[in-house]
Amino acid sequence: MKKFIINITVISIVLTLTGWLIFSQLIPQYYLPVFPFLLVFFVATAIAIHAYQLQLAKKDTAKFTRSNMVITFLKLFLYSAAAIVYIAVDTKNAKPFVVCFILLYIVYTLFEVFSLLKIPANTAKKG
């Protein structure tokens, strides 16, 4: 878990610097004040879900496999709900928000998937 938190922190710092560079130099008219909060939202969600999935993997492989799809669905539902609420509140900035949101979703989801693939199969008990 420690390695996951370090790696996600590095990714978040890179995304923060990239976002700052893009929004300050290339497209300042599309800067969203909610961008830092989006980063925190994605990081907090990823850490919480990864910690829960690690606990499941250590306890029971079969339960982990069954619940992984449910967890993914609930995470997607949470992300969709957050996006819909923001778009409903700030329709003026909907397009830049959706672009930022999708890019963050892709980056953090890829990171989570690759992190889950690195969980050794022998850490879980077969059930």
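Worth saying up front: this structure is predicted, and the values here are computed from it rather than measured.
- Listed by chain and residue number, His50, Phe111 satisfy the ring-ring contact (aromatic ring centres under 6.0 Å, His included) test with Phe4 (two or more places apart in sequence, or in another chain).
- The hydrophobic cluster containing Ile106 also contains Ile8, counting ILVMFWY residues as joined when their side-chain heavy atoms lie under 4.5 angstrom apart, directly or transitively.
- When hydrophobic clusters are built by joining Ile, Leu, Val, Met, Phe, Trp and Tyr residues whose side-chain heavy atoms come closer than 4.5 Å, directly or via intermediates, Leu104 is not grouped with Leu21.
- Distance check: Glu112 CD to Gln53 CD gives 7.5 Å after rounding to the nearest 0.5 Å.
- Leu103 and Tyr31 fall into different hydrophobic clusters, where Ile, Leu, Val, Met, Phe, Trp and Tyr side chains are chained together by heavy-atom contacts under 4.5 Å.
- Counting only heavy atoms from C-beta outward, the side chains of Tyr108 and Val43 approach each other to under 4.5 Å.
- To the nearest 0.5 angstrom, Met1 atom CE is 6.5 Å from Leu54 atom CG.
- To the nearest 0.5 Å, atom CD1 of residue Ile49 and atom CG of residue Leu116 are 10.0 Å apart.
- Looking at every heavy atom in both residues, Asn93 comes nearest to Asp90 through ND2-OD2, 2.9 Å.
- The two residues Cys100 and Leu32 have their closest heavy-atom pair at SG-CD1, 4.3 Å.
- Among pairs with a residue in residues 13-26, none fulfils side chain to side chain donor-acceptor pair (under 3.5 Å), at least two apart in sequence or across chains.
- Under the 4.5 Å side-chain heavy-atom criterion for grouping Ile, Leu, Val, Met, Phe, Trp and Tyr, Leu76 is not connected to Leu74 through any hydrophobic cluster.
- Ile13 is linked by a side chain to side chain contact (heavy atoms under 4.5 Å, CB included) to Thr9, Leu17, counting only residues two or more places apart in sequence or in another chain.
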Q: May I have the step-by-step check of side chain to side chain donor-acceptor pair (under 3.5 Å) for Ser67 and Tyr52, ending in yes or no?
A: CA-CA 11 Å; Ser67 63; Tyr52 180 70; 5.7 Å; no
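- Within the 6.0 Å centre-distance limit, the rings of Phe42 and Phe101 are counted as a close aromatic pair.
- Not less than 6.0 angstrom separates the ring centroid of Phe23 from the ring centroid of Tyr30.
- Ala83 and Phe97 get closest at one heavy-atom pair: CA-CE2, 3.7 Å.
- Counting heavy atoms from C-beta outward, Lys3 and Ile5 have side chains that stay 4.5 Å or more apart.
- Counting only heavy atoms from C-beta outward, the side chains of Leu38 and Tyr86 never approach each other to under 4.5 Å.
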